[in-house]
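Proteins come first, then strands; the chains are lettered A, B, ... in the order of their sequence lines, and each starts at number 1. Since the structure is predicted, the reported quantities are computational estimates derived from the model, not experimental observations.
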2 protein chains.
Amino acid sequence: MLFGKSCRQCVVRDAALCAALTDSQLEPLARCGVQRSLARGETLVRAGDPAPICANIQSGLLKISQISPAGQEMIIGLLWPGDFIGTPFMGDAAPPAQHDIVALTPVSLCQFPQAIMERALADHPMMERQLLRRTFTALGDVRGRISRLARATAQARVAGFLLETAHRQGDDDGETMLIIELPLSRGEIADLLGLTIETVSRQIGKLKHAGVIGLPGGRRIAIHDPDALAEAAEAVI
Amino acid sequence: MLFGKSCRQCVVRDAALCAALTDSQLEPLARCGVQRSLARGETLVRAGDPAPICANIQSGLLKISQISPAGQEMIIGLLWPGDFIGTPFMGDAAPPAQHDIVALTPVSLCQFPQAIMERALADHPMMERQLLRRTFTALGDVRGRISRLARATAQARVAGFLLETAHRQGDDDGETMLIIELPLSRGEIADLLGLTIETVSRQIGKLKHAGVIGLPGGRRIAIHDPDALAEAAEAVI
DNA sequence: CGGAAAGTTGAATGAGCTCAAATGGCGTGG
DNA sequence: CCACGCCATTTGAGCTCATTCAACTTTCCG
């Protein structure tokens, strides 16, 4: 639970929100957190929901997506363990959810009533500080994604996605995994990168034929040559 | 100045950070803010700067940009009056600046030493709350941009950019200007939208020939048919 | 097995890029 | 006041990369 004792075991990349609190501060809050699980495909937040959920992802992967007027799905971004969902603002200050949030894998998270979240942040400035820092980081991440989407070739988009996935599946020391489990289908990768299924498949095929990666089966990807992959990710039209 | 009396006159779209403070709270802080002006083209922040600047934009327009390894400039985003620059984290918690920030027009802003900013936020939770809210808003904005860059046609990118500029140059009631002063060159628009100069020019030409917009001269744009422009902005491949 | 979904591969089309040249605006200097 | 040069913008022609449409193969589960 976010504020409970078990929160300290949360799989979070940066410092957990609750790490700033002492045990005695945690105690009265512990009852309010709700441990929750999502199955693959389950929707956590639907665009337009008046009171967005506040939650901290413990394990699993979710997508933030948007359906265009034409019915085309666009994946705005991914949410990994340690990421925070929702805005801790109440009442008329709370903007309605702008995007759908759907589990791509089985997900466990700890969810909080928004009012409790609001109160806890007001009572514990260190928590608010942590949340602010995390939000700044997210802003930087998203800005980084923009440059990739705006100008990069299909090759660079795919290579960059593989690298980022390897990085986020690695341990906390920044080590990247050399065999990663792709949590997305080709179609979802396409929606994430602004490409088509066929193009994603072709680019992965190219990387495989070049010996940069291997496809050991299933949705696993073996990264044989991280440097070459990084180089491919830099390519710009 | 950000915390001074004159701060209340800041041209800010959302609530100013300091609006949460009483006059007596403002008093001891007022001396620390530095009113600063930038000429067009002047660089406020350079990528890699160890201690990023904290500032609040009062008037003018800046670009957040990144130079790719190939030397190609990519404009990550724009900063309009009311936007906040920098992260209020000190010491080793402060990440180095990731992007360049350059004035596109004459700019006036109020700048603060980072230590003062940090302290003020710690002392005044309402300020931190405002900053958090503003950052969430910025995150939502940037996520919105992603979908445009990932899949939208050149036509939609250009139309969307014109609409957003009209919107941000409008008054606080959400009214959009029908004659806007484009603060960017064709080249800068191209860098912002991930297109080439020629394509931007062609798309603007198309919109003009369709009667949707007019070019009264200079870098002004008259929006004759806002609805048609909005429709063009929706177009997706 | 067998059917459905996911993924791969191929050929043709088209949007946007590149290269190149023409046009227009604007300040400088004669 | 006009000629000139510089820069931004516009316009044109050919090309490239990603998409589209379509067929085929593989994987996943019942």
Side-chain angles (χ1 to χ4, degrees), chain A residues 39-41 68 70-75 104-105 148-162 181-210 213-221 232 235-237, chain B residues 40-41 68 70-74 104-105 148-162 181-210 213-221 232-237:
Chain A
R40 172 176 167 81
S68 77
Q72 175 69 258
E73 177 177 21
M74 178 69 220
I75 299 184
L104 291 173
T105 66
R148 183 168 307 149
L149 287 173
R151 272 235 158 74
T153 62
Q155 174 95 91
R157 296 185 197 203
V158 171
F161 166 72
L162 293 179
E181 178 73 28
L182 269 198
L184 297 89
S185 70
R186 296 289 187 271
E188 285 165 336
I189 298 173
D191 286 334
L192 179 66
L193 301 179
L195 300 169
T196 60
I197 293 179
E198 297 91 329
T199 301
V200 170
S201 181
R202 268 185 258 269
Q203 296 305 330
I204 289 183
K206 263 189 200 172
L207 290 171
K208 180 187 165 196
H209 275 88
I213 63 174
L215 305 177
R219 282 182 183 168
R220 270 190 297 283
I221 295 221
V236 169
I237 298 177
Chain B
R40 171 175 168 82
S68 77
Q72 174 69 255
E73 176 176 22
M74 178 70 220
L104 290 173
T105 65
R148 184 169 308 149
L149 287 173
R151 272 237 157 73
T153 62
Q155 174 96 95
R157 297 185 197 202
V158 171
F161 165 72
L162 292 179
E181 178 73 28
L182 269 198
L184 296 88
S185 70
R186 296 287 186 272
E188 285 164 336
I189 298 173
D191 285 334
L192 179 67
L193 301 179
L195 301 169
T196 59
I197 294 179
E198 297 92 331
T199 302
V200 170
S201 180
R202 269 184 256 268
Q203 296 306 330
I204 289 182
K206 263 189 199 172
L207 289 170
K208 180 187 165 199
H209 275 89
I213 63 173
L215 305 178
R219 282 182 182 165
R220 271 190 297 282
I221 296 224
E234 301 289 344
V236 170
I237 297 178

Of all the nucleotides listed (D:dT10, C:dG16, D:dA18), which has the minimum atom distance to the side chain of B:Arg186?
D:dT10
Side chain to side chain contact (heavy atoms under 4.5 Å, CB included) between B:Asp191 and A:Arg151, worked out
CA-CA 9 Å; B:Asp191 285 334; A:Arg151 272 235 158 74; 3.6 Å; yes
Any side-chain to backbone donor/acceptor pair from A:Arg219 onto A:Leu182? Under 3.5 Å, distance only.
no
Send over the distance from B:Leu195 CG to D:dT9 C1', rounded to a whole Å.
16 Å
Members of residues 196-209 of chain B that approach DNA chain C, where some heavy atom sits under 4.0 Å away:
B:Thr196, B:Glu198, B:Thr199, B:Arg202
In whole Å, what is the span from the CD1 atom of A:Ile189 to the C1' atom of C:dG7?
11 Å
Rounding to a whole Å, what distance do you find between B:Arg220:CZ and C:dG25:P?
13 Å
With the side chain counted from C-beta on, respond yes when A:Ile221 and A:Glu181 share a heavy-atom pair under 4.5 Å apart, and no when they do not.
no
Within this structure, what is the CZ-to-C1' distance between A:Arg151 and D:dT16, rounded to whole angstrom?
16 Å
Between atom CZ of B:Arg202 and atom OG1 of B:Thr196, what is the distance when rounded to the nearest 0.5 Å?
7.0 Å
Starting at CG of B:Asp191 and ending at P of D:dT9, how long is that distance when rounded to a whole Å?
12 Å
Terminal axes of the helix from C:dC1-D:dG30 to C:dG30-D:dC1 (five pairs each): angle between them, nearest 10 degrees
30°
So, OP1 or OP2 of C:dG7: does either fall under 4.0 Å of a side-chain N or O from A:Arg219?
yes
Mind checking whether B:Val158 and B:Lys206 have side chains closer than 4.5 Å, heavy atoms only?
no
Are the side chain of A:Arg157 and the backbone N or O of A:Val200 linked by a donor-acceptor pair below 3.5 Å?
no
What distance separates B:Ile204 CD1 from B:Leu215 CG, expressed to the nearest 0.5 Å?
7.0 Å
note: B:Gln155, atom CD; C:dC17, atom C1'; distance rounded to Å ~ 17 Å
Nearest whole Å is fine: how far is D:dT10 P from B:Leu215 CG?
7 Å
Distance col, row A:Ile189:CD1 vs A:Ser201:OG, nearest 0.5 angstrom, shows 10.0 Å
Contact check, side chains of A:Leu104 and A:Glu188, non-hydrogen atoms, under 4.5 Å
yes
